[in-house]
Engineer: 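My questions all concern the structure below.
Each chain gets a letter, A, B and so on, in the order its sequence line appears, and its residues count up from 1.
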Amino acid sequence: MNSDKQPVVTRFAPSPTGFLHIGGARTALFNWLYARSQGGKYLLRIEDTDRKRSSDAAIQAILDGLKWLGLDWDGEVVFQSGRQARHAEMVEKLLEEGNAYRCYATPEELKEMRESARAQGRRQGYDGRWRDRDPAEAPEGVAPAIRLRSPNDGETVITDQVQGTVRVANDELDDMILLRGDGTPTYMLSVVVDDHDMGITHVIRGDDHLTNAFRQTQLYQALGWQPPVFAHIPLIHGPDGAKLSKRHGALGVEAYRDMGYLPAALRNYLCRLGWGHGDDEVFSTAQALEWFTLEAVGKAPARFDFKKLENLNGIYIRESDDAALVENALPFIEEKLGRALETDERTRLNTAMPGLKERAKTLVELAESALFYFRERPLELNEKAANLLTGDARAMIGQLRDVLADATWDVDGLEAVVRAFADEKEMKLGKVAQPLRAAVTARATSPGIFEVLEILGRDEALARLQDVAP
RNA sequence: GACCCCUUCGUCUAGUGGCCUAGGACACCGGCCUUUCACGCCGGCAACACGGGUUCGAGUCCCGUAGGGGUCACCA
């Protein structure tokens with residue numbers, strides 16, 4: 001597909017003003033998928049040009065989030081803040097060639113400009129008042145910003161891999177600031193210079209950047225550089241249909257981790273948001289790698305649906321192997337329990353896992369449902385369990401305990417005894433099994449009760465029965 | 001407001017002019033299985049925003065309308 005061209009290089013370029021939110025995670029995923037599927041490189045660049053709004057904690061959260069998601073990047077992380085000299089150098093070149101100019105307009109002036117433009121219903125933006133003005137007229141003591149002298153005629157066209165051909169009239173675009181009055185580079189300048197210097201061939205990002213792409217294209221042209229291939233992917237929206245952002249309901253990926261979602265499930269789900277491969281719903285990352293193309297990315301924004309993620313996560317949990325699930329669920333269990341699990345308890349957890357994982361959609365649910373195995377007697381009954389253990393039921397449990405004491409302690413042996421007991425009492429199995437479950441697990445739902453009894457062990461199980469018997 | 005983008009079941013989507021009386025998945029509602037809850041299986045509900053064209057034929061192409069979204073900083 002790309003055989004006669006240079007190798008693909010993509011990048012994910014978050015600004016460290018907060019955690020890695022779900023939209024960013026998907027952008028990273030798509031960049032990663034595209035680069036990896038093309039045999040190219042996927043780089044990471046932290047856009048910390050605005051030092052005031054950036055934080056080390058945010059940088060760490062982003063790195064951690066990407067690692068947790070399994071989106072490993074090539075090479076060293078590039079910090080944009082470390083490249084300011086290079087950015088300024090390019091502006092110098094632009095200035096020399098007459099493609100940029102100094103602008104002495106004050107913030108107040110600019111504000112006025114915007115307000116009157118809005119009032120008159122005109123395009124908002126800088127009016128170019130210093131574009132051709134003699135620098136000799138520069139006011140005293142004002143540090144100028146440097147603006148790009150962008151074309152006023154014609155149009156700028158982008159051939160976007162997702163959005164198609166998009167064009168805008170050049171007079172819609174004002175002269176953007178490249179270097180602030182204090183000499184620091186703006187985002188527009190930095191991205192272009194960095195993407196160029198890093199050899200980025202494909203810029204895949206949220207389509208909230210689509211309009212930026214026009215300005216950036218003009219900058220590329222002024223610099224005499226070949227613009228990268230653009231692919232603006234639609235945003236992820238919240239349930240209300242509005243852009244999901246840090247200040248609008250978006251959660252950091254660590255929140256998904258804490259809610260007990262598996263990285264593989266989240267990757268799979270994110271793939272299905274805006275991209276698809278026919279009717280395929282559940283597929284591995286390896287398969288996504290085989291199938292992924294930018295062409296198949298849709299143009300319409302998608303809403304985030306927790307129910308579907310949850311369903312997918314349940315599938316991944318069921319398909320996970322027991323040992324891995326023990327590792328993954330352990331932190332959740334220990335946190336709820338308030339203590340670490342002993343070695344033999346971990347073994348028990350592993351043994352119980354097939355029954356547990358069948359009915360959990362998240363690691364949190366999995367942990368919750370496993371707790372009864374490790375709680376200490378006497379168990380605190382939840383409401384439903386308490387309702388099950390009526391006076392009659394407790395009396396029955398007392399008798400059942402005695403017959404159970406002589407049972408062969410495995411699933412078959414236990415089931416045989418309980419069924420015989422129910423027959424003898426002329427009770428339906430459920431009438432016996434439910435109180436039994438309540439007594440042993442302190443809940444009304446659990447894995448198969450005979451399996452639970454076996455895993456719990458004779459002594460512990462009988463003691464728990466004794467606890468609720470009259 | 002200006003510019004740009006979008007529009008198939010509640011949600012994610014398949015669909016690239018005839019295979020569509022529109023398919024799948026999640027959710028929802030029934031049923032089966034069953035010691036509970038899940039799982040699994042079976043069945044059901046449910047959509048081409050609207051209006052004009054083009055065409056023998058339109059969910060698919062064109063135009064318009066409506067609705068939604070994004071962007072308009074010396075933020076990124």
Side-chain angles (χ1 to χ4, degrees), chain A residues 13-17 47-50 52-54 80 103 105-107 110-111 114 117-126 143-147 160 162-164 166-169 172-174 176-182 184 186-188 190-191 206-212 214 232 234-235 237 239 241-243 269 272-282 298-312 314-315 318 355-361 365 369 384 388 415 418-419 422 428-438 441 443-450:
Chain A
S15 60
T17 53
E47 312 240 298
D48 56 348
T49 302
D50 186 348
K52 287 187 285 295
R53 298 206 313 153
S54 302
Q80 196 159 63
C103 169
T106 61
L110 295 172
K111 194 171 173 226
R114 265 194 300 276
R118 175 179 272 275
Q120 293 170 41
R122 283 183 293 115
R123 168 182 71 81
Q124 295 176 59
Y126 178 64
I146 314 252
R147 291 181 185 268
D160 191 284
V162 172
Q163 304 291 334
V166 190
R167 53 187 71 220
V168 73
E172 289 294 332
L173 270 18
D174 66 357
M176 64 176 161
I177 291 184
L178 269 13
L179 230 42
R180 301 188 185 94
D182 65 2
T184 58
T186 59
Y187 161 78
M188 288 293 184
S190 304
V191 242
D207 75 7
D208 50 342
H209 283 285
L210 185 60
T211 49
N212 290 338
F214 293 108
H232 288 93
L235 300 174
H237 286 177
K243 175 185 179 181
Y269 178 69
R272 291 294 290 124
L273 245 35
W275 176 80
H277 183 261
D279 283 338
D280 294 304
E281 296 284 348
V282 183
K299 296 168 86 168
R303 300 187 189 201
F304 195 89
D305 182 10
F306 265 102
K307 289 286 194 184
K308 192 149 183 174
L309 204 212
E310 207 165 74
N311 173 270
L312 209 44
I315 292 171
R318 268 174 266 139
L356 257 16
K357 72 181 181 185
E358 195 67 28
R359 48 211 101 212
K361 288 195 161 53
E365 282 180 24
S369 67
K384 284 180 179 168
L388 244 17
E415 178 161 3
V418 174
R419 280 193 188 276
K428 295 185 80 170
L429 185 56
K431 287 291 180 193
V432 180
Q434 273 306 86
L436 180 57
R437 168 173 285 113
T441 70
R443 308 163 51 112
T445 65
S446 80
I449 187 60
F450 306 116

Engineer: When you compare the side chains of A:Arg437 and A:Ser446, does any donor N or O come within less than 3.5 Å of an acceptor on the partner?
Structural biologist: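 Result is yes, a qualifying pair exists.
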
Engineer: Can you tell if the side chain of A:Tyr269 reaches within under 4.5 Å of the side chain of A:Leu309, non-hydrogen atoms only?
Structural biologist: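 Result yes, sub-4.5 Å side-chain heavy-atom pair found.
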
Engineer: I'd like to know if A:Lys308 reaches the base of B:C12 with its side chain such that a donor and an acceptor end up less than 3.5 angstrom apart.
Structural biologist: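 A donor-acceptor contact between them is present.
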
Engineer: How is A:His232 classified with respect to the nucleic acid when contacts are heavy atoms under 4.0 Å: base, sugar-phosphate, or nothing?
Structural biologist: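 The answer is nothing, as A:His232 stays clear of every strand by at least 4.0 Å.
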
Engineer: By nearest nucleotide on RNA chain B, pick out whichever of A:Ile177 and A:Leu210 is the more 5' one.
Structural biologist: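 That would be A:Leu210.
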
Engineer: Counting the atoms with a prime plus P, OP1 and OP2 as sugar-phosphate, which does A:Glu281 contact under 4.0 Å by heavy atoms, base, sugar-phosphate, or nothing?
Structural biologist: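 If one applies the 4.0 Å heavy-atom cut-off, A:Glu281 turns out to touch a base.
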
Engineer: Looking for any heavy atom pair under 4.0 Å, which part of the strands does A:Asp280 touch: base, sugar-phosphate only, or nothing?
Structural biologist: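 If one applies the 4.0 Å heavy-atom cut-off, A:Asp280 turns out to touch nothing in the nucleic acid.
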
Engineer: Can you find a donor-acceptor pair, distance only, under 3.5 Å between A:Arg303 side chain and B:U11 base?
Structural biologist: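 Under the 3.5 Å cut-off, the side chain and the base do not form any donor-acceptor pair.
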
Engineer: Would you indicate what A:Leu110 reaches in the nucleic acid, counting non-hydrogen atoms under 4.0 angstrom: base, sugar-phosphate, or nothing?
Structural biologist: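 Base contact.
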
Engineer: Please classify the nucleic acid contact of A:Gly181 as base, sugar-phosphate, or nothing, using heavy-atom distances under 4.0 Å.
Structural biologist: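 Answer is base: heavy atoms of A:Gly181 come under 4.0 Å of a base.
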
Engineer: With the side chain of A:Val168 defined as its heavy atoms from C-beta on, choose the nearest nucleotide among B:U35, B:A76, B:C3.
Structural biologist: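 The answer is B:C3, which lies nearest to the side chain.
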
Engineer: Picking from B:G70, B:C26, B:C74, which would you name as closest to the side chain of A:Arg147?
Structural biologist: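 Looking only at heavy atoms from C-beta outward on A:Arg147, the closest nucleotide is B:C74.
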
Engineer: Backbone N or O of A:Lys361 within a donor-acceptor pair of the A:Glu310 side chain at under 3.5 Å?
Structural biologist: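 The answer is no, because no donor-acceptor pair under 3.5 Å joins these two groups.
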
Engineer: At 4.0 Å (heavy atoms only), tell me whether A:Arg114 reaches a base, stays on the sugar-phosphate, or touches nothing.
Structural biologist: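 The residue A:Arg114 makes sugar-phosphate contact but no base contact.
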
Engineer: Taking the same atom, P, in B:G67 and in B:C28, what whole-Å distance lies between them?
Structural biologist: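 The same atom, P, in both gives a distance of 33 Å.
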
Engineer: Please give the distance between the P atoms of B:C37 and B:A47 as a whole number of Å.
Structural biologist: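 Going atom to atom, P in each nucleotide, I get 33 Å.
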
Engineer: Name the closest nucleotide to the A:Leu273 side chain, picking from B:A76, B:U71, B:C12.
Structural biologist: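 Of B:A76, B:U71, B:C12, B:C12 is nearest to the side chain of A:Leu273.
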
Engineer: Between B:C63 and B:G69, how far apart are the P atoms? Round to whole Å, please.
Structural biologist: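 The same atom, P, in both gives a distance of 24 Å.
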
Engineer: Determine the interatomic distance between P on B:C33 and the same-named atom on B:G24; round to the nearest Å.
Structural biologist: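 Here B:C33 and B:G24 have their P atoms 25 Å from each other.
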
Engineer: A:Ala302 has a side chain; which of B:G69, B:U13, B:A76 sits nearest to it?
Structural biologist: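 When the side chain of A:Ala302 is considered, B:U13 is the closest of B:G69, B:U13, B:A76.
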
Engineer: For atom P, what is the distance between B:C56 and B:C4, given to the nearest Å?
Structural biologist: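 Going atom to atom, P in each nucleotide, I get 34 Å.
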
Engineer: Using a 4.0 Å heavy-atom cut-off, write out nucleotides 37-51 of chain B from 5' to 3' as B (base contacted by protein), S (sugar-phosphate only) or - (no contact).
Structural biologist: BBSS-----------

Engineer: Determine the interatomic distance between P on B:G43 and the same-named atom on B:G23; round to the nearest Å.
Structural biologist: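 So the two P atoms sit 14 Å from each other.
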
Engineer: Once you apply a heavy-atom cut-off of 4.0 Å, does A:Phe214 come out as touching a base, just sugar-phosphate, or nothing?
Structural biologist: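 Nothing, no nucleic acid heavy atom in range.
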
Engineer: Write down the atom of A:Val191, the atom of A:Gln80, and the distance for their closest heavy-atom approach.
Structural biologist: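 Scanning both residues completely, I find the closest heavy atoms to be N-NE2, 3.7 Å.
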
Engineer: Nearest to the A:Thr211 side chain among B:U71, B:A76, B:G24, which nucleotide is it?
Structural biologist: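 Of the options given, the side chain of A:Thr211 lies nearest B:U71.
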
Engineer: Record whether the side chain of A:Asp279 comes under 3.5 Å of the base of B:G23 through a donor-acceptor pair of N or O atoms.
Structural biologist: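 Flag set: donor-acceptor pair detected.
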
Engineer: Write down the distance separating the C1' atoms in B:A73 and B:G15, rounded off to the nearest Å.
Structural biologist: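 Each nucleotide's C1' atom is 43 Å from the other's.
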
Engineer: Checking contacts here: which listed nucleotide (B:U35, B:A76, B:C6) is nearest the side-chain heavy atoms of A:Pro301?
Structural biologist: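 Selected nucleotide: B:C6.
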
Engineer: Given B:C12, B:A27, B:A76, which nucleotide is nearest the side-chain atoms of A:Arg272?
Structural biologist: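 Looking only at heavy atoms from C-beta outward on A:Arg272, the closest nucleotide is B:C12.
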
Engineer: Given the C1' atoms of B:C45 and B:A27, what is the spacing between them in whole Å?
Structural biologist: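 These two C1' atoms come out 12 Å apart once rounded.
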
Engineer: Between A:Gly274 and A:Gln80, which is nearer to the 5' end of RNA chain B once each is assigned its nearest nucleotide?
Structural biologist: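 Upstream on the strand: A:Gly274.
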
Engineer: Within the structure shown, what part of the strands sits under 4.0 Å from A:Ala105 by heavy-atom distance: base, sugar-phosphate, or nothing?
Structural biologist: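 Base, at least one base atom sits under 4.0 Å.
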
